[in-house]
Amino acid sequence: MRLRLDLSYDGTDFSGWAVQPGLRTVQGLLEHHIPQVLRIPDPVALTVAGRTDAGVHARGQVAHVDVPDGDDLSATLHRRLTRVLPDDLVVRRVSPAPDGFDARFSALWRRYCYRVVDVAHSPDPLMRRHVVKLRHGLDLDLFHEAAGMLVGLRDFAAFCKPRDAATTIRDLRELHATRRDDGVTEIHLLADAFCHSMVRSVVGALTAVAGGRRDLDWLAHVAVHPRRHNEVHVMPAAGLTLEEVGYPADAELARRAAVARSVRTLEET
């Protein structure tokens with residue numbers, strides 16, 4: 001049977017999501033504990049909605065795992081994982097997955113938030129693991145003018161670390177920033193998916209423009225570059241949190257997964 005896991009974690013002390021020999025990772029911990037607590041002799045493999053890099057946090061991560069059939073396994077797994085997992089990794093819910101559910105390919109969208117404080121504000125020391133301090137100001141009107149240049153379906157190759165045979169075409173549907181009363185600016189991004197380092201690179205480019213270190217002409221030039229642009233700064237991991245993953249109705253899960261598995265091109269869209 002397939003189980004859906006809804007997860008939250010503080011990424012500070014993890015070397016990212018994916019298993020890496022000798023390193024502490026979210027996937028590694030879960031794949032170590034799940035067979036133990038369910039008394040399964042064979043290893044298990046988790047599939048995740050969005051792989052997070054070292055130091056990146058998650059509030060609404062989703063994964064699935066296939067395990068042998070059993071009575072009330074979801075409640076058993078949830079209860080036992082709660083007892084053995086460290087404090088920086090929480091399984092909030094375990095539930096039987098609907099037919100056709102795939103944590104990665106069935107997802108319609110992912111929503112991230114990147115949190116910064118600019119030079120005019122002092123960061124709360126209790127938030128130091130989740131907020132990045134900028135060395136310059138941040139003009140939010142200019143930020144949104146720049147953000148409008150990136151929203152939509154386009155090739156984000158300039159902002160992504162290349163991966164073999166992987167497309168960098170993404171549909172960036174939302175991109176906006178709000179400043180809280182405590183001076184923290186939250187930059188919200190929602191897309192069908194994000195390629196490797198895309199969020200932190202987009203934020204790096206936009207804060208450079210909004211901070212007066214680059215201009216809109218520079219961003220326009222960068223945005224159409226066919227490969228990763230070496231002038232785009234990748235922001236630190238600490239400010240980034242995967243907030244939520246959205247899925248269609250159960251009847252549409254399998255169809256969505258089939259569509260997402262196809263390699264997208266701009267000519268076909």
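Atom set for the values below is all heavy atoms of this structure, side chains included, hydrogens, waters and symmetry mates excluded. Quantities reported herein were computed from a predicted structural model and do not represent experimental measurements. The residues of the chain are indexed from 1 along the displayed sequence.
The hydrophobic clustering, which links ILVMFWY residues whose side-chain heavy atoms are closer than 4.5 Å, places Leu190 and Tyr114 apart. Under a hydrophobic clustering in which Ile, Leu, Val, Met, Phe, Trp and Tyr are joined whenever their side-chain heavy atoms come within less than 4.5 Å, directly or via other members, Ile169 and Leu108 fall into different clusters. There is no path of hydrophobic side-chain contacts, each under 4.5 Å, that joins Phe105 to Trp17. Each of Phe194 and Leu153 belongs to its own hydrophobic cluster when Ile, Leu, Val, Met, Phe, Trp and Tyr are linked at side-chain heavy-atom distances under 4.5 angstrom. Residue Val151 is not grouped with residue Val224 when hydrophobic side chains (ILVMFWY) are merged at heavy-atom distances under 4.5 angstrom, including chains of intermediate members.
Other residues, nucleotides and ligands contribute only 12 or fewer heavy atoms inside 6.0 Å of the CZ atom of Arg51. Enclosure of atom CZ in Arg154 by more than 12 non-hydrogen atoms of other residues, nucleotides or ligands within 6.0 angstrom is indicated.
The backbone N or O of Met1 lies less than 3.5 Å from a partner atom in the side chain of Asp69, making a donor-acceptor pair. For Arg128 (side chain) and Pro125 (main-chain N/O), a donor-acceptor pair under 3.5 Å exists by modelled atom type. Checked by atom type and distance alone, the side chain of His64 pairs as donor or acceptor with a backbone atom of Ala103 at under 3.5 Å. A donor-acceptor pair under 3.5 Å is formed between the side chain of His144 and the backbone N or O of Ala177. In this structure, Ser201 contributes its side chain and Met198 its backbone to no donor-acceptor pair below 3.5 Å. A donor-acceptor contact shorter than 3.5 Å is absent between the side chain of Gln61 and the backbone of Ser8.
Atoms CD and OH, from Glu174 and Tyr112 in turn, are 15.0 Å apart once rounded to the nearest 0.5 Å. In this structure, Met127 CE and Asp182 CG are separated by 7.5 Å, a value rounded to the nearest 0.5 Å. The line from OG1 of Thr168 to CZ of Arg170 is 7.0 Å long, rounded to the nearest 0.5 Å. Here Met149 contributes atom CE and Leu219 contributes atom CG; the two are 4.5 Å apart, rounded to the nearest 0.5 Å. Rounding to the nearest 0.5 Å gives a distance of 12.0 Å between CG of Asp102 and CZ of Arg4. Between the CG atom in Asp155 and the OG1 atom in Thr167 there is a gap of 6.5 Å [rounded to 0.5 Å].
A heavy-atom distance below 4.5 Å is found between the side chains of Val116 and Leu138. Side-chain contact check for Leu29 versus Pro86: some heavy-atom pair is nearer than 4.5 Å. Looking at heavy atoms from C-beta onward, Met235 lies out of side-chain contact with Leu240 at the 4.5 angstrom threshold. Side-chain contact between Leu150 and Leu206 is present, with heavy atoms from C-beta onward closer than 4.5 Å. Residues Arg92 and His78 fail the side-chain proximity criterion, which asks for heavy atoms closer than 4.5 Å. At least one side-chain heavy atom of Ile187 sits less than 4.5 Å from a side-chain heavy atom of Leu175. Under the 4.5 Å side-chain criterion, counting only non-hydrogen atoms from C-beta, Val67 is in contact with Leu38. Inter-residue side-chain proximity for Arg173 and Trp109 is flagged as met; some heavy-atom pair is nearer than 4.5 Å.
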Check step by step if side chain to side chain contact (heavy atoms under 4.5 Å, CB included) holds for Asp215 and Val209.
CA-CA 5 Å; Asp215 58 24; Val209 173; 6.0 Å; no
Checking His196 against Asp53 for the side-chain hydrogen bond (donor to acceptor under 3.5 Å, both in side chains) test, could you report, in this order, the C-alpha distance in whole Å, the side-chain angles of both residues, the deciding distance, and whether it holds?
CA-CA 9 Å; His196 190 205; Asp53 291 336; 3.2 Å; yes
Would Cys160 and Arg228 satisfy side chain to side chain contact (heavy atoms under 4.5 Å, CB included), going step by step from the backbone distance to the final call?
CA-CA 6 Å; Cys160 299; Arg228 176 162 183 81; 5.5 Å; no
Determine, stepwise, if the pair Glu244 / Arg59 fulfils side chain to side chain contact (heavy atoms under 4.5 Å, CB included).
CA-CA 7 Å; Glu244 188 180 6; Arg59 195 188 314 274; over 6 Å; no
Taking it one step at a time, do Thr241 and Val56 satisfy side chain to side chain contact (heavy atoms under 4.5 Å, CB included)?
CA-CA 6 Å; Thr241 300; Val56 175; over 6 Å; no
Applying side-chain hydrogen bond (donor to acceptor under 3.5 Å, both in side chains) to Tyr9 and Thr52, what does each step give before you reach the verdict?
CA-CA 11 Å; Tyr9 47 87; Thr52 49; 2.7 Å; yes
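Between Asp192 and Arg110, no side-chain nitrogen of the basic residue sits less than 4.0 Å from a carboxylate oxygen of the acidic one, so the salt-bridge criterion is not met. Ion pairing between a basic and an acidic side chain is recognised when a charged N comes within 4.0 Å of a carboxylate O; Lys133 and Asp118 show no such pairing. Under 4.0 Å is where a charged nitrogen must lie from a carboxylate oxygen, and between Arg180 and Glu186 at least one such pair does. Comment: Arg214 engages Glu231 in a salt bridge, judged by a side-chain N to carboxylate O separation of less than 4.0 angstrom. For Arg129 and Asp13, the salt-bridge test passes: some basic side-chain N is under 4.0 Å from an acidic carboxylate O. Taking the charged nitrogens against the carboxylate oxygens, Arg2 and Asp99 have no contact shorter than 4.0 Å, which rules out a salt bridge.
In this structure, the ring of Tyr247 has its center less than 6.0 angstrom from the ring center of Phe101.
Residues Arg256 and Ser106 come closest through the heavy atom pair CG-O, 3.1 Å. A pairwise comparison of heavy atoms in Val44 and Glu31 identifies O-CD, 3.4 Å as the closest pair. Heavy-atom minimum distance, Phe159 versus Val232: CD2-CG1, 4.1 Å. Taking every heavy atom of both residues into account, Val245 and Ala107 meet most closely at CG1-CB, 3.7 Å. In this structure, Pro98 and Leu253 approach most closely via the heavy-atom pair CB-CD1, 3.7 Å. Residue His176 comes nearest to Phe143 through the heavy atom pair C-CE2, 4.2 Å, listed as atom of the first residue, atom of the second, then distance.
Partner of His57 under the side chain to side chain contact (heavy atoms under 4.5 Å, CB included) criterion, chosen from Glu243, His130, Arg115: His130. Put simply, the residue from Val48, Leu85, Val91 that forms a side chain to side chain contact (heavy atoms under 4.5 Å, CB included) with Leu7 is Val91. For the pairing with Val94, the side chain to side chain contact (heavy atoms under 4.5 Å, CB included) check across Leu73, Ile34, Leu5 returns one residue only, Leu5.
Taking the ring axis of Phe14 as reference, the NZ or CZ atom of Arg24 stays within 45° of it and closer than 6.0 Å to the ring centre.
Relative ring orientation between His229 and His225 is described as perpendicular, the plane-to-plane angle rising above 60° on a 0-90° scale split at 30° and 60°.
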